[in-house]
A.B. asks: 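One structure coming up, written as structure tokens, with questions to follow.
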Amino acid sequence: MMETIARSDAPRGGSMADHATQPHPDDQPVPVVDCALYKHGKRRAGTLPLTEAMDTARTSPDSFVWIGLREPTTDQLEVVADAFGLHPLAVEDAVHAHQRPKLERYDDSLFLVLKTVVYVEHDRLTPTSEVVSTGEIMIFAGRDFAVVVRHGDSPDLRVVRRQLETQPELLAHGPAAVVHAIADTVVDQYLDVVRAIETDVEQVEAGVFSPERTDDSGRIYQLKREVLELRRAVVPLAMPLRELAEARAPGVDPEIGAYLRDVSDHLAQASERITGFAELLDGVLSANLAQLTVRQNTDLRRISAWAAIIAVPTMIVGVYGMNFDHMPELRWTFGYPLVLTVIVIACTLMYRAFRRNDWL
């Protein structure tokens, strides 16, 4: 359940509810999902007020505070920014979201942006189907704090927190361990989405090469757009993860870097498969358009063949419809049957010729 905390100048002591229900008149409640203090990789019991957790982390060695926020406003995030000394530019990005994946360094702290993706279940892919839904996770990481801001669709980080709390030896590495755990969860979600999209790609491919006459251009184009959106979320993350994995960022020790290299490898797998989807869909779209062209040419040849066959009796009856007095076989008893016989023979010969050349 989401809770709120008061500004950093709220009185210390008391419960979380006391701070939430008795704020200063200028206070802006902050939507906190969880706020916890960790010492030597172990969590202190309960959820702490921000000021108490932060003060303890700064005065106690081998401690840090991990706070999670859900779509805070500018005023709400400023409360946390004042307490942690977050850079104004990073705070602005975290509030407005819609950022591409990136890693920025401000003095001794990091600001990491991750794009999250969720596969949207659907019974059948249509030209308007939504396949992936995106969100964002911003992580501020310093020596003694990790601030996580979530926007849109994203994995439940409470599960990530609980799993990480079962590994105190890893959590003892501080905020870098939080960065790794969240990045690992996000990248694993990429792989899940990639596997789900692979099924859609296979269905579209099968539909294009099926014997049924269908126009799948709309479905292919929509799937290409969704794959492009997924690619925009996944591919740009490669460079930030590489920097973290190589321990070129402050606060990331070599041991956590090794874990981050594994995450980077998984990201590379997802990127390669997404690139493969894009190339395959390009080929499928080209094949679909080629099939449509072939079908149109086939239909045009059939129409032309039937028009040619119909032209024979039309020409003959047109000649005899001119009503001249002196015309061959006009008053002959067998003239009419003869003309009909000529028409039938000529049309039959033309029909067989067109069939032999696959025009009919």
A.B. asks: Hey, is the main chain of Leu260 close enough, under 3.5 Å, to the side chain of Ser264 for a donor-acceptor pair?
C.D. replies: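 No, because the side chain of Ser264 does not come within donor-acceptor range (under 3.5 Å) of the backbone of Leu260.
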A.B. asks: I'd like to check Leu157 versus Ile137 (side-chain heavy atoms, cut-off strictly below 4.5 Å). Are they in contact?
C.D. replies: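 Yes - at least one pair of side-chain heavy atoms lies under 4.5 Å apart.
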A.B. asks: Out of curiosity, Ile182 CD1 to Arg150 CZ, how far, rounded to the nearest 0.5 Å?
C.D. replies: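 Nearest 0.5 Å value for the CD1-CZ distance: 9.5 Å.
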A.B. asks: Strictly distance-based, threshold 3.5 Å: is any side-chain N or O of Asp253 a donor or acceptor partner for the main-chain N or O of Ile256?
C.D. replies: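 Between the backbone of Ile256 and the side chain of Asp253 there is a qualifying donor-acceptor contact (under 3.5 Å).
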A.B. asks: Determine, using the 4.5 Å side-chain heavy-atom cutoff (strictly less than), whether Val160 and Leu244 are members of one ILVMFWY cluster.
C.D. replies: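 Yes: a chain of side-chain contacts under 4.5 Å links Val160 to Leu244.
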A.B. asks: Tell me, with the steps shown, if Arg105 and Glu243 meet salt bridge (Lys or Arg N to Asp or Glu O under 4.0 Å).
C.D. replies: CA-CA 11 Å; Arg105 282 170 262 190; Glu243 291 185 24; 3.0 Å; yes
A.B. asks: Does the pair Leu340 and Leu338 meet the rule for a side chain to side chain contact (heavy atoms under 4.5 Å, CB included), with working shown?
C.D. replies: CA-CA 5 Å; Leu340 291 179; Leu338 176 64; over 6 Å; no
A.B. asks: Tell me whether the count of non-hydrogen atoms from other residues, nucleotides or ligands lying under 6.0 Å of CZ in Arg195 goes above 12.
C.D. replies: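 Yes, CZ of Arg195 has more than 12 neighbouring heavy atoms, counting only those of other groups under 6.0 Å.
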A.B. asks: Which atoms form the tightest heavy-atom contact between Leu164 and Ala181, and what is the distance?
C.D. replies: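 Nearest pair, atom of Leu164 first, then Ala181: CD2-CB, 3.9 Å.
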A.B. asks: Determine the minimum heavy-atom distance between Cys35 and Val65, stating which atoms define it.
C.D. replies: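 Taking Cys35 first and Val65 second, the nearest heavy atoms are SG-CG2, 4.0 Å.
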A.B. asks: How far apart are the closest heavy atoms of Val179 and Ala141, and which atoms are they?
C.D. replies: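 The pair with the smallest heavy-atom distance is CG2-CB, 4.0 Å.
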A.B. asks: Same hydrophobic cluster for Ile274 and Val235, using side-chain heavy-atom links shorter than 4.5 Å among ILVMFWY?
C.D. replies: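 No, it is not one cluster - the side chains of Ile274 and Val235 are not joined through contacts under 4.5 Å.
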A.B. asks: Short question: side chain of Glu136, backbone of His151 - any donor-acceptor pair under 3.5 Å?
C.D. replies: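 No.
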A.B. asks: Does the pair Asp282/Lys224 count as a salt bridge with the N-to-O cut at 4.0 Å?
C.D. replies: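 The answer is yes: the pair qualifies as a salt bridge.
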A.B. asks: Taking the side chain from Glu226 and the backbone from Val132, do they hold a donor-acceptor pair closer than 3.5 Å?
C.D. replies: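 Here the side-chain-to-backbone pair exists.
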A.B. asks: May I ask you to test the Val201-Leu223 pair for a side-chain heavy-atom distance under 4.5 Å?
C.D. replies: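 Side chain of Val201 against side chain of Leu223, heavy atoms only: contact under 4.5 Å found.
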A.B. asks: With the side chain counted from C-beta on, respond yes when Thr116 and Pro155 share a heavy-atom pair under 4.5 Å apart, and no when they do not.
C.D. replies: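 Yes, side chains in contact.
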A.B. asks: Please examine the side chains of Glu198 and Arg273, heavy atoms only from C-beta on, and report whether any two atoms are closer than 4.5 Å.
C.D. replies: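 Counting from C-beta outward, Arg273 and Glu198 do come under 4.5 Å.
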A.B. asks: Please give me the minimum heavy-atom distance between Ala233 and Leu237, naming the atom from each residue.
C.D. replies: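 Taking every non-hydrogen atom into account, O-CB, 4.5 Å.
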A.B. asks: Would you say Gln76's side chain and Thr73's backbone share a donor-acceptor pair under 3.5 angstrom?
C.D. replies: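 Side chain of Gln76 to backbone of Thr73: a pair is present.
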A.B. asks: Might you work through the ring-ring contact (aromatic ring centres under 6.0 Å, His included) test for Phe64 and Tyr38, ending with a clear yes or no?
C.D. replies: CA-CA 5 Å; Phe64 76 96; Tyr38 298 87; 5.3 Å; yes
A.B. asks: Considering all heavy atoms of both residues, which atom of Met350 and which atom of Val312 are nearest to each other, and what is their separation?
C.D. replies: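 What the structure gives for the nearest pair is SD-CG2, 3.2 Å.
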A.B. asks: Are there more than 12 heavy atoms of other residues, nucleotides or ligands under 6.0 Å from atom CZ of Phe111?
C.D. replies: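 Yes, the 6.0 Å shell around CZ holds more than 12 heavy atoms from other groups.
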A.B. asks: Would you say the side chain of Ser286 lies within less than 4.5 Å of the side chain of Leu289, judging by non-hydrogen atoms?
C.D. replies: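 When only atoms from C-beta onward are counted, Ser286 and Leu289 do not touch, as no gap falls below 4.5 Å.
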A.B. asks: Look only at the side chain of Gln99 and the backbone of Ala97, and say whether a donor-acceptor pair between them is shorter than 3.5 Å.
C.D. replies: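 Yes.
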A.B. asks: Would you kindly say whether Tyr119 and Gln189 are connected by a side-chain donor-acceptor distance under 3.5 Å?
C.D. replies: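 No, no side-chain donor-acceptor pair sits under 3.5 Å.
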A.B. asks: Verify, without hydrogens or angle tests, whether Thr126 (side chain) and Ser129 (backbone) share a donor-acceptor contact under 3.5 angstrom.
C.D. replies: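 Such a contact is found between Thr126 side chain and Ser129 backbone.
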A.B. asks: Is there side-chain contact between Leu112 and Met138, with heavy atoms separated by less than 4.5 Å?
C.D. replies: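 Of all side-chain heavy-atom pairs linking Met138 with Leu112, none is under 4.5 Å.
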A.B. asks: Does a sphere of radius 6.0 Å around OH in Tyr221 hold more than 12 heavy atoms from other residues, nucleotides or ligands, not counting ones at 6.0 Å or beyond?
C.D. replies: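 Atom OH in Tyr221 is not crowded, with 12 or fewer foreign heavy atoms closer than 6.0 Å.
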A.B. asks: Consider only side-chain heavy atoms of I, L, V, M, F, W and Y, link residues closer than 4.5 Å, and tell whether Ile310 and Val342 are in one cluster.
C.D. replies: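 Looking at the clustering, Val342 is in a separate group from Ile310.
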A.B. asks: Are Arg161 and Asp34 close enough for a salt bridge, meaning some N to O gap below 4.0 Å?
C.D. replies: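 Salt bridge flag = yes for Asp34 with Arg161.
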A.B. asks: As an exercise, state the distance from CG of Leu267 to CG of Asp262, rounded to the nearest 0.5 Å.
C.D. replies: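 Result: 11.5 Å between the selected atoms.
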A.B. asks: Not counting sequence neighbours, which residues clear side-chain hydrogen bond (donor to acceptor under 3.5 Å, both in side chains) with Thr185? List them please.
C.D. replies: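 side-chain hydrogen bond (donor to acceptor under 3.5 Å, both in side chains) check on Thr185 returns nothing, list empty.
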A.B. asks: Please confirm whether the backbone N or O of Ala353 pairs with a side-chain atom of Asn357, one donor and one acceptor, at under 3.5 Å?
C.D. replies: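 Checking the backbone N and O of Ala353 against the side chain of Asn357, a donor-acceptor pair under 3.5 Å is found.
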A.B. asks: Within a reach of under 6.0 Å around CZ of Arg232, are more than 12 heavy atoms found that belong to other residues, nucleotides or ligands?
C.D. replies: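 It does not: Arg232 CZ has 12 such atoms or fewer within range.
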A.B. asks: Let's go through Val187 and Tyr190 carefully: what are the C-alpha distance in whole Å and the side-chain angles of both, what is the deciding distance for side chain to side chain contact (heavy atoms under 4.5 Å, CB included) to 0.1 Å, and is it a yes or a no?
C.D. replies: CA-CA 5 Å; Val187 172; Tyr190 290 164; 4.3 Å; yes
A.B. asks: When rounded to the nearest 0.5 angstrom, what distance separates CG in Asp93 from NE2 in His87?
C.D. replies: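 Answer rounded to 0.5 Å: 10.5 Å.
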A.B. asks: Sub-3.5 Å donor-acceptor pair from the side chain of His122 to the main-chain atoms of Val120, do we have one?
C.D. replies: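 Answer holds: yes.
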A.B. asks: Do Leu86 and Phe145 make a side-chain contact, defined as non-hydrogen atoms from C-beta onward lying under 4.5 Å apart?
C.D. replies: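 Yes, close enough: below the 4.5 Å cut-off.
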A.B. asks: Please check if the side chain of Glu71 supplies one atom and the backbone of Gly152 the other of a donor-acceptor pair under 3.5 Å.
C.D. replies: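 Yes; at least one donor-acceptor contact below 3.5 Å.
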A.B. asks: Identify the heavy atoms of Leu281 and Val227 that sit nearest to each other, and give their distance.
C.D. replies: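 Smallest interatomic distance, heavy atoms only, reads CD1-CG2, 3.9 Å.
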A.B. asks: Consider only side-chain heavy atoms of I, L, V, M, F, W and Y, link residues closer than 4.5 Å, and tell whether Val118 and Phe277 are in one cluster.
C.D. replies: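 As far as the 4.5 Å side-chain criterion goes, Phe277 and Val118 are not connected within one cluster.
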A.B. asks: Is there a chain of hydrophobic side chains (I, L, V, M, F, W, Y, each step under 4.5 Å between heavy atoms) that links Leu125 to Leu280?
C.D. replies: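 Linked, Leu125 and Leu280 end up in one cluster.
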A.B. asks: Apply side chain to side chain contact (heavy atoms under 4.5 Å, CB included) to the pair Thr128 and Gln222, showing each step before the final yes or no.
C.D. replies: CA-CA 7 Å; Thr128 58; Gln222 176 64 13; 5.8 Å; no
A.B. asks: I need the Arg162 CZ to Arg43 CZ distance, nearest 0.5 Å.
C.D. replies: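 Taking CZ in Arg162 and CZ in Arg43, the distance rounds to 10.0 Å.
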A.B. asks: First locate atom CH2 of Trp359, then atom CH2 of Trp306, and finally report the distance between them rounded to the nearest 0.5 Å.
C.D. replies: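 So the CH2 of Trp359 and the CH2 of Trp306 are separated by 14.0 Å.
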A.B. asks: Going by heavy atoms in the side chains, are Val113 and Glu104 under 4.5 Å from each other?
C.D. replies: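 Side chain of Val113 against side chain of Glu104, heavy atoms only: no contact under 4.5 Å found.
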A.B. asks: Under the side chain to side chain contact (heavy atoms under 4.5 Å, CB included) criterion, do Leu110 and Phe140 qualify, and how do the steps go?
C.D. replies: CA-CA 6 Å; Leu110 299 175; Phe140 298 88; over 6 Å; no
A.B. asks: To the nearest 0.5 Å, what is the distance between CD on Glu255 and NE2 on His180?
C.D. replies: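 Those atoms lie 11.0 Å apart.
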